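Everything on this sheet refers to the single structure shown next.
What you are looking at is a predicted structure, and each value in this text was computed from that prediction instead of being measured.
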Amino acid sequence: MTDQTADQTLAGDIRTSSLIGSAHFASHFYQLTLASLFPFMVPALGASYVTLGLVVTVMYVTSGFMQALAGVLVDRIGGAGVLIGGTLLMALCVGLAGLTPGIWLLFPLAVGAGLGNSIYHPADLSILSHRVSERRLGRAYAVHGLAGVLGYAAAPISMIYLGQAIGWRGALGVAALVGVVVAAVLWLNIDAIRTDERHRSRPHPVSRGAATRDYFRLVASPTVLMSFLFFTTLALVQIGTQTMSAAANMIHFDIDLATAGWSVTALLLGSATGIIVGGVMADRYERHEFLVALGCVWSAGFVLLIALNVPDGASIIPVMTLAGIGLGIILPSRDLLVKKAAPKGATGKIFGFVYSGLDCGSSLAPLVFAWMIDQGRAQLFWFTIMAVILAIIPSVLRVGQGMQARPAGPDAA
């Protein structure tokens, strides 16, 4: 059950959710900051898009590998300090990237940014799980997810504008201030995000070897491994559609770049709407695996229409919006399922391990889908997206079955 460390009033839950949402906004904002400035950086640094893209890949790979360890750290010392430190580290790396004289110095900074990014999901979701009342937890996760979508949306618009106005180096300097401001706000309100660490203490000292065995036994459970697979598959869909659907729609529907770009924006706006709806639904219904399955079926149906070339060029935008709604509905229930899978005192470990599946899927998606676009196989792209969405359903139902089969009694440490 949720480890309540503060008096759970509505105002307190809103305050905590808003603070954590601001941190998640910064995380997603920074993930797209550098990529949004590539058109300015390529001629300035004499680099290729491939090389700069590799910088971003290094960040994601580092984040994925370190996220599990970040979860262990969150369980040991609490999420508040880790969250503030990770936010400042990302801000520092982004700011220093604006001072780098050459392309190669961006790679160690990408490693540092990946370390900072790795802490967000285990810290954010552990804090929400401990601080927000059970009956409002679905909506708190929805705020968290919505803030991330808004961070994604804000980065390209603001960075391109600033890049034109003050140059890419100045834009990165301004972007660094975002993290500094967020970290300062978190520090000033640390009482609303600090978690009780008493549950982390053990009655007897445990050797490092025993702690390692306990950790691997915990994450190797069928439910947790299936959750990892579920997150990896979902990331393939999310990153695949966000990065490749504009190009796919240009080929598939013979539309211009502006309309194709708006179709991706429509997908994100639909997802934001779905997150809000999904948060309310997640607080009202306990079988969250069925809500995820519902969102998958909804999205797969509209993706099938796109694959079959049913909408014309103009109507692709509302169809993409409707597809995004289904993907958004999934997210709050997704987080609640993982929270249920976490034994008492191991929330950070479980969130850290399972959410590393997002980085795994995010790294694979461009490799899986870029070939289809290069070959002009846009219809194959959309049929594959539909198949991957439907493939989520068996894994999430298996996670739900694992939740139902868990024996009653004290949680495992």
Side-chain angles (χ1 to χ4, degrees), residues 23-67 86-121 147-183 235 238-240 242-244 246-247 261 264 268 358-359 361-367 370:
H24 201 221
F25 174 93
S27 166
H28 282 234
F29 179 82
Y30 282 143
Q31 287 175 36
L32 291 186
T33 293
L34 202 64
S36 302
L37 293 169
F38 281 179
F40 304 96
M41 297 175 69
V42 166
L45 295 175
S48 67
Y49 279 94
V50 172
T51 304
L52 286 173
L54 187 58
V55 173
V56 177
T57 298
V58 167
M59 184 194 73
Y60 275 119
V61 170
T62 303
S63 178
F65 274 112
M66 297 306 297
Q67 199 159 173
T87 302
L88 286 174
L89 179 58
M90 284 203 84
L92 174 65
C93 291
V94 167
L96 290 176
L99 301 176
T100 180
I103 181 68
W104 299 111
L105 288 177
L106 291 175
F107 285 95
L109 292 175
V111 172
L115 288 172
N117 189 65
S118 70
I119 59 87
Y120 282 99
H121 282 125
V149 171
L150 294 177
Y152 274 149
I157 298 171
S158 60
M159 288 299 100
I160 290 173
Y161 172 78
L162 288 170
Q164 292 172 333
I166 60 175
W168 66 272
R169 295 184 185 276
L172 288 174
V174 173
L177 294 178
V178 172
V180 174
V181 170
V182 169
Q238 291 177 311
I239 302 301
Q242 289 175 23
T243 58
M244 300 294 174
V264 181
L268 290 171
L358 287 181
D359 291 309
S362 298
S363 300
L364 291 173
L367 301 176

Distance-only criterion, 3.5 Å: show the donor-acceptor pairs between side-chain atoms of residues 157-165 and protein atoms not counting sequence neighbours.
unit_1, atom_1, unit_2, atom_2, d
Ser158, OG, Ala154, O, 2.8
Ser158, OG, Ala155, O, 3.3

Assess whether side-chain contact (heavy atoms from CB on, under 4.5 Å) is satisfied between Leu37 and Phe40, documenting all intermediate values.
CA-CA 5 Å; Leu37 293 169; Phe40 304 96; 3.9 Å; yes

Distance in Å, Thr51 OG1 paired with Leu45 CG, rounded so as to fall on 0.5 Å steps:
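Output value for this atom pair is 10.5 Å.
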
Nearest-0.5 Å distance, OH of residue Tyr60 to OG1 of residue Thr57:
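Tyr60 OH to Thr57 OG1: 9.0 Å, rounded to 0.5 Å.
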
Could you list the donor-acceptor pairs under 3.5 angstrom formed by side chains in residues 111-118, with sequence neighbours left out?
unit_1, atom_1, unit_2, atom_2, d
Asn117, OD1, Ser27, OG, 2.9
Asn117, OD1, Gln31, NE2, 3.2
Asn117, ND2, Ser63, OG, 3.0
Ser118, OG, Leu115, O, 2.7

Nearest atoms (heavy-atom pairs only) where Val58 meets Thr62:
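Residues Val58 and Thr62, closest heavy atoms: O-OG1, 2.8 Å.
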
Shortest non-hydrogen contact between Phe38 and Leu52, atoms and distance
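What the structure gives for the nearest pair is CZ-O, 3.3 Å.
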
Listed pairs under 3.5 Å, donor-acceptor, residues 86-96 side chains, sequence neighbours left out:
unit_1, atom_1, unit_2, atom_2, d
Thr87, OG1, Leu83, O, 2.8
Thr87, OG1, Tyr120, OH, 3.0

Under 3.5 Å, sequence neighbours excluded: what are the donor-acceptor pairs made by side chains of residues 167-178?
unit_1, atom_1, unit_2, atom_2, d
Arg169, NH1, Gly98, O, 3.0
Arg169, NH1, Thr100, O, 2.7
Arg169, NH2, Thr100, O, 3.1

Assess whether atom CZ of Phe65 is packed by more than 12 heavy atoms of other residues, nucleotides or ligands within 6.0 Å.
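No, not enclosed.
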
Among all residues two or more places apart in sequence or in another chain, which pass the side-chain contact (heavy atoms from CB on, under 4.5 Å) test with Ala246?
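Ala260, Val264.
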
Has His28 got a side-chain atom pairing as donor or acceptor with Gly148's backbone, closer than 3.5 angstrom?
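Yes: the side chain of His28 pairs with the backbone of Gly148.
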
Can Leu106 and Met41 be said to form a side-chain contact (heavy atoms from CB on, under 4.5 Å), step by step?
CA-CA 12 Å; Leu106 291 175; Met41 297 175 69; 3.8 Å; yes

Does anything in residues 92-118 pair up under ring-ring contact (aromatic ring centres under 6.0 Å, His included), and if so which pairs, sequence neighbours excluded?
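Sorted pair list: Trp104-Phe107.
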
